[in-house]
Amino acid sequence: MQNFEEVYEVARLIPEGRVTSYGAIAKYLGTGARLVGWAMNASHLKNVPAHRVVNHAGVLTGKNHFATPTLMQELLENEGIIIIKDKIQNFKDLFWDPETELSL
DNA sequence: GATTTGACTACTA
DNA sequence: GTAGTAGCCAAAT
């Protein structure tokens, strides 16, 4: 569906050093959170920074779907995000909500 | 073509 | 604070 493309588009809009949640994207697109997760599953076919998308708790639940389980954390740390035990530190401050950021 | 599952979230008890 | 259930959409079986 085109929702996938919208998910990819929103994911690409995430600024470096910022992260968002599946639910935020899902709500922004008016779809289910699991749909976003499924889109991310296929994101490897696209040019989508899926590493900037985490669950509502800021935990890298999808790291296992990357080339290597550590790749996701390394990419995020490369953008200045601190991760401890697969969990984004200062997640609340780094959180990027499309509904808020794109609607300003 | 119907059922199950998946990188999720929110509500209810 | 923990546990279970419902809702979302698409792909896989």
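Because the structure is predicted, anything quoted here is derived from the model rather than measured. Lettering follows sequence order; numbering is per chain, from 1.
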query = Which heavy atom of A/Y8 sits nearest a heavy atom of A/S43, and at what distance?
reply =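 Heavy atoms only, the tightest pair is CE2-CA, 3.9 Å.
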message = For A/E9, give me all partners under side-chain contact (heavy atoms from CB on, under 4.5 Å), at least two apart in sequence or on another chain.
response =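 Listed in chain order: nothing, the list is empty.
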ask   = Can you tell me if A/E101 uses its side chain to pair, donor with acceptor, with the backbone of A/E99 under 3.5 Å?
value =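 Here the side-chain-to-backbone pair does not exist.
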Check the distance between [N]'s [atom2] and [X]'s [atom1] and give it to me in whole angstrom.
X	N	atom1	atom2	answer
A/Y8	B/dA7	OH	C1'	12 Å
A/K27	C/dG7	NZ	P	18 Å
A/N41	C/dA12	CG	C1'	11 Å
A/L35	C/dA11	CG	C1'	11 Å
A/H65	B/dG6	NE2	C1'	8 Å
A/M40	C/dC9	CE	P	17 Å
A/K63	B/dA7	NZ	P	13 Å
A/F4	C/dC9	CZ	P	12 Å

key: Members besides A/F66 in its Ile/Leu/Val/Met/Phe/Trp/Tyr cluster (side-chain heavy atoms under 4.5 Å)   =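 A/V19, A/V54, A/L60, A/L71, A/M72, A/L75, A/L76, A/I81, A/I83, A/I88, A/F91, A/L94, A/F95, all in the cluster of A/F66.
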Who passes side-chain hydrogen bond (donor to acceptor under 3.5 Å, both in side chains) against [X], sequence neighbours left out?
X	result
A/N47	none
A/E77	A/Q73
A/K46	A/E5
A/D86	A/K63

All pairs passing side-chain hydrogen bond (donor to acceptor under 3.5 Å, both in side chains) where residues 52-61 of chain A contributes a residue, at least two apart =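 Qualifying pairs: A/R52-A/E79.
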message = For residues 11-37 of chain A, which residue pairs pass the side-chain hydrogen bond (donor to acceptor under 3.5 Å, both in side chains) check, not counting sequence neighbours?
response =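 Those involving residues 11-37 of chain A do not exist here.
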Pull out every protein N or O sitting under 3.5 Å from an N or O of nucleotides 8-13 of chain B, one pair per line with the distance.
unit_1	atom_1	unit_2	atom_2	d
B/dC8	N4	A/R34	NE	3.3
B/dC8	N4	A/R34	NH1	3.0
B/dT9	OP1	A/H56	N	2.4
B/dT9	OP2	A/H56	N	2.7

query = Got a second to check how far A/I82's CD1 is from A/K87's NZ, nearest 0.5 Å?
reply =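 The CD1 atom of A/I82 sits 15.0 Å away from the NZ atom of A/K87.
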ask   = Expressed in whole Å, how much space separates the P atoms belonging to C/dT5 and B/dT5?
value =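 Those two atoms are separated by 15 Å.
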Pairwise C1' distance for C/dA3 and B/dA7, with rounding to whole Å =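 Between the two C1' atoms, the distance is 22 Å.
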task = Describe the nucleic acid contact of A/A50 in one word from base, sugar-phosphate, nothing, applying a heavy-atom distance below 4.0 Å.
result =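 A/A50: base contact, heavy atoms under 4.0 Å.
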remark   = Secondary structure of DNA chain C per the Watson-Crick/G-U criterion (both distances under 3.5 Å; [ ] crossing, | other strand, . unpaired) is .||||||.|||||
ask   = Do any of residues 70-85 of chain A sit with a heavy atom less than 4.0 Å from DNA chain B, and if so which?
value =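 By residue number: none to list.
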